[in-house]
Enquirer: 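Attaching a single structure in structure tokens format; questions to follow.
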Protein chains: 2
Amino acid sequence: MTEIEESIAEESPDVAHDIPDIVIGRLPIYLRALMRMVEEGDKVTTSSQELGDRLGVSSAQIRKDLSLFGDFGKQGTGYHINYLVQQLQRILKLDREWPVAMVGAGFLGHALANYGGFKNRGFRVAWIFDNDPETVGQKIGGIMVRHVDGLERVLRREKVQIAMLAVPATAAQELADRLVASGVRAILTYAPISINVPEGVKVQYSDPVAQLQRMTFYLDV
Amino acid sequence: MTEIEESIAEESPDVAHDIPDIVIGRLPIYLRALMRMVEEGDKVTTSSQELGDRLGVSSAQIRKDLSLFGDFGKQGTGYHINYLVQQLQRILKLDREWPVAMVGAGFLGHALANYGGFKNRGFRVAWIFDNDPETVGQKIGGIMVRHVDGLERVLRREKVQIAMLAVPATAAQELADRLVASGVRAILTYAPISINVPEGVKVQYSDPVAQLQRMTFYLDV
DNA sequence: CACCAATCGTGTAACATTTCACAATTGTAG
DNA sequence: CTACAATTGTGAAATGTTACACGATTGGTG
Ligand SMILES: NC(=O)c1ccc[n+]([C@@H]2O[C@H](COP(=O)([O-])OP(=O)(O)OC[C@H]3O[C@@H](n4cnc5c(N)ncnc54)[C@H](O)[C@@H]3O)[C@@H](O)[C@H]2O)c1
Ligand SMILES: NC(=O)c1ccc[n+]([C@@H]2O[C@H](COP(=O)([O-])OP(=O)(O)OC[C@H]3O[C@@H](n4cnc5c(N)ncnc54)[C@H](O)[C@@H]3O)[C@@H](O)[C@H]2O)c1
């Protein structure tokens, strides 16, 4: 009975946090497709079947995933698109705008800082840091590039929780450490190297070469 | 007995293709870490334990993954780094240089075309296509941007199997169709939209926003 | 040359995820 | 008001993945 108590013990106010991470990873994909449906504007509801066909996943998977968070659909009708978008945004905590810090203002940093795709999807690049004297002081996408020396001070003051890392591989671990020490809890890194972070900090990787390498296995000759 | 014959029927000359895709996805990560060890140059061998510690995966997982392809290690000693790099490159068909076509020469296309990280990891951006008259004819990273009208002709002639797609979401599906029709079998796309391709064509997605959205779930407040 | 620490490869058990399949519900058309 | 087609949510079965744990082998040390 002690065991039962323990297993009940830790859960968030909203929904239990024993949701498989693999499910969480699919929700943004569902959300992306649903928002596109909203844009298309040609219908009010959709079904797990229709959504699954678009995304290449089974309708059962979509229903099961969503059912972990609540009963969002209606038998015979399906899901109300706007309502489901809202619910997914709430679940993923996207019903607000997260300020993001960008470290590294090279080629990639420039492209990302100018990228219009963050808006309306829950994020805003709010600070950019670099250590190159030539780059510091410039404006990119309307944001002044600050010297990386001030990183800790700014991030701690502003309580920044999310950062993107676009520095050379050699600098990535050190900067990840500094980000974590400054309170960052989620890092999206583009450096082609695995970084180590303490428990409780999330890391996502974006390495186009690794992604290509994952596909060549299946090619002939 | 017919069933047994059938199950034996399809396998590649080298290694059976019933390797889980999730394993294939980890091999580039192993390879990346091993190549870094080569660069560091401070040792000749490594162990599944050491590699696992670096990457945050269990040593057993690494051993099991590798054992699907052969016996590459030696008890008591571990794995010879250079040899394992070679074997992974062979398995992933990276013991050659794959020419890659890039479609879309905007902000992101520029960053990617100038990116030095493809070299030595098995790829070379060899063609760039765009439909903007201002952009066509320019050189990016030493490569002339061609008009997208010539895409089919060039890709078919050169037997290009891999492409990167960096065009607006609205154009992505149409261009994916054209790539597939031109013989491309592997697509890395940056457009924030799911694309549909026929059986046998691999797609990898890179959507930084989706990656960030996958992490906010775990943040507080 | 005997011992030992290090380490692999792997069968099996444990755990995780997906698929199946169906009762229940809904809205619509006759 | 009834019949029916569409569709959900979900328990159970099937499938897939990871972790455990150990025999076997290696190279080094005394
Ligand atoms: N360019 C691409 O298309 C691309 C694609 C995928 C991954 N990447 C990776 O992303 C990272 C950045 O790529 P890039 O092409 O923008 O490189 P880049 O050299 O153009 O930019 C790197 C930037 O980081 C800055 N920097 C270096 N050390 C720093 C430090 N200690 N503190 C703060 N800033 C520092 C540099 O001043 C520079 O502005 C690299 O790891 C690269 O491998 C790049
Ligand atoms: N910029 C970023 O950091 C970033 C990051 C992630 C994803 N993305 C995505 O990558 C894609 C490209 O982003 P971008 O910032 O480079 O946009 P961009 O507008 O700068 O570039 C798009 C390019 O595609 C070309 N194009 C448009 N239609 C075309 C067609 N039919 N045929 C050939 N070329 C065509 C345009 O001429 C332009 O050069 C977008 O889908 C964007 O959402 C961009």
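Worth knowing before you read on, the calculation uses all heavy atoms, side chains too, and leaves out hydrogens, waters and symmetry mates. Small disclaimer: the values here were computed from a predicted structure and weren't measured. In the text below, chain A, chain B and the rest are named by the order of the sequence lines, each starting its count at 1.
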Enquirer: Does any non-hydrogen side-chain atom of A:Tyr79 lie less than 4.5 Å from one of A:Leu34?
Expert: no
Enquirer: Each nucleotide in nucleotides 25-30 of chain D should get exactly one letter: B, S or -. Can you fill that in based on protein heavy atoms under 4.0 Å?
Expert: BBS---
Enquirer: Assess, by modelled atom type and distance only, whether the side chains of A:Gln173 and A:Asp177 contain a donor and an acceptor separated by less than 3.5 Å.
Expert: yes
Enquirer: Considering only NZ, NE, NH1 and NH2 on the basic side and carboxylate oxygens on the acidic side, decide whether B:Glu174 and B:Arg178 come within less than 4.0 Å.
Expert: yes
Enquirer: Side-chain contact, heavy-atom cut-off 4.5 Å: A:Ile29 with B:Tyr205?
Expert: no
Enquirer: Does B:Val221 offer a backbone N or O that forms a donor-acceptor pair with the side chain of A:Arg96 under 3.5 Å?
Expert: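 Here the side-chain-to-backbone pair exists.
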Enquirer: Less than 4.5 Å apart, any side-chain heavy atom of A:Val125 and any of A:Leu112?
Expert: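 No, their side chains stay 4.5 Å or more apart.
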Enquirer: Just to be sure I understand the rule, does B:Ser59 reach a base, reach only the sugar-phosphate, or reach nothing, if contact means heavy atoms closer than 4.0 Å?
Expert: nothing
Enquirer: A:Val180 versus A:Ile187: any side-chain heavy-atom pair under 4.5 Å?
Expert: yes
Enquirer: Answer yes or no: is there a side-chain heavy-atom contact under 4.5 Å between B:Leu212 and B:Val209?
Expert: no
Enquirer: With the side chain counted from C-beta on, respond yes when A:Phe123 and A:Leu94 share a heavy-atom pair under 4.5 Å apart, and no when they do not.
Expert: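 Touching, per the 4.5 Å side-chain cut-off.
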Enquirer: Tell me whether the count of non-hydrogen atoms from other residues, nucleotides or ligands lying under 6.0 Å of NZ in A:Lys119 goes above 12.
Expert: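 12 or below, so no.
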Enquirer: Each nucleotide in nucleotides 12-22 of chain D should get exactly one letter: B, S or -. Can you fill that in based on protein heavy atoms under 4.0 Å?
Expert: B----SSB-B-
Enquirer: For DNA chain C, note the earliest and the latest nucleotide, 5' to 3', having some atom under 4.0 Å of a heavy atom belonging to chain B.
Expert: C:dA6 to C:dT12
